[in-house]
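Note that ligands are numbered from 1 as they come in the structure, with each ligand's atoms numbered from 1 the same way. No experiment lies behind these values; they were computed from the predicted model shown. Just so you know, residue 1 is the first one in the sequence shown, and it goes up from there.
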Amino acid sequence: MNRLLVMTAGVILGGLLLGDLAGCDNKPSGSEKIKIGFLVKMPEEPWFQNEWKHAQRCADKYGFDLIKIGASDGEKVLNAINNLAAQGAKGFVICAPDVRLGPAIVAAARERNLKVFSVDDQFLGADGQPMKDVPYMGISAREIGRQVGKALYEEFKKRGWKIEETGACCIAHDQLPTAKNRTEGTRDALTEAGFPAEKIYVAQEKTTDTEGGFNAANSVLTQYPEVKRWLVFSMNDEGVMGGVRAMEGRGFTAETTIGIGIGGSTCEIEFKKEKPTGFFATCLISEYRHGYETAELLYKWIKEGTTPPMYTLTAGVIVTRETQEQKRRELGLID
Ligand code: FCA
């Protein structure tokens, strides 16, 4: 989304809210069930579906209503906030479609007396800096990226690949800070381990889905046809899966590709395939914590006035197709 659109969304948000403030009273009242929204930027992505699933479990446990809304652009976020206010919601958890919408979202929520908790992607203020006054839970992006880099290097060594024949394909999305930190972490860990920085080929993906990863990887593959073996990494499973598909299109296989994602939900289908693919492993992160805990913290903030921690980073663990199921169970991600 461009700056103009973000600004326009801000103006519209302000305008709509001013016109509609009278009679808006959404303080918790006696016996009425508390309503909480959960807005995600890409509702079709398994990560976000699973966040919703765990948030719903939290709602069932505490007996509040959870309103799940997919909001893939500024206008949808705006409509969602209006909707939530109209339904008498008291707050919402949000992974915004553009982190620069932060100030507009906060202003809109404040006017409506809605509490905001940001998840996954931290809001940026007008100065381009993270908005530290909005509670946030995200992954420890740089560290998780580093884990991916270490694991890639280990596997590269284990297979005894020649460095002259190997390239690393970095599918980056630098406009989103959590994405940039992840892939930078991977690049750092790779080079610290001894992988030559000049053999890491970076392509920016336009979107953070499989298609985005596919297109970015294809541009790298076209530029470096001499590479015989590939390491692939990105900000999430989708990016790496897209990359692996692009490599398959050019004849690369599980023997000549080592792809390591970040996530653990989307790549389940990859791990379930009978024949292993180039998608070798993922850094499993916790949709349970991001879904359940954010909803719980917001609920307690509304109900009991308990201010949530302002900044929480969650950890990840590398899993392969062999270890992923057990780990997911251990972490409470599956029953
Ligand atoms: C971002 C990404 C998602 C997921 C999440 C933790 O929002 O877009 O794929 O990795 O962070």
Between ligand 1 and [X], can you find any atom pair, the residue atom being a heavy atom, that is separated by under 4.0 Å?
X    : value
E51  : no
H290 : no
M235 : yes
T178 : no

Can we call the ring centroids of F117 and F92 under 6.0 Å apart? no
Just checking F271 against F279, ring centres under 6.0 Å apart?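 Centroid distance F271-F279: below 6.0 Å, so yes.
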Relative to the heavy atoms of F48, which atoms of ligand 1 are at a distance of less than 4.0 Å?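 The atoms of ligand 1 under 4.0 Å from a heavy atom of F48 are 7 (O).
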Out of all atoms in ligand 1, which are within 4.0 Å of some heavy atom of D120? Include the element for each.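 It comes down to these atoms of ligand 1: 5 (C), 6 (C), 7 (O), 11 (O).
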Heavy-atom contacts under 4.0 Å between E45 and ligand 1: side chain, backbone, both, or neither? side chain
Hey, what do you get for CD (E268) to OG1 (T266), rounding to the nearest 0.5 Å? 9.0 Å
Which distance, rounded to the nearest 0.5 Å, do you find between the CG of L176 and the CG of D120? 9.5 Å
Could you label the plane-to-plane angle of the Y224 and Y201 rings as parallel, tilted or perpendicular, counting under 30° as parallel and over 60° as perpendicular?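 Geometry flag for Y201 against Y224: parallel rings.
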Angle class for the Y153/F156 ring planes (parallel below 30°, perpendicular above 60°, tilted otherwise)?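 Correct class here is tilted.
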Quick test: of every protein heavy atom, which one is nearest to [atom], and how far off is it to 0.1 Å?
atom                    : answer
atom 7 (O) of ligand 1  : D121 OD1, 2.8 Å
atom 11 (O) of ligand 1 : R182 NH2, 2.8 Å
atom 8 (O) of ligand 1  : K41 NZ, 2.9 Å

E165 side chain to V227 backbone, donor-acceptor under 3.5 Å: no
Donor-acceptor check, side chain of T257 to backbone of M247, threshold 3.5 angstrom: yes or no? no
Report yes if N236 has an N/O atom closer than 3.5 Å to an N/O atom of ligand 1; otherwise report no. yes
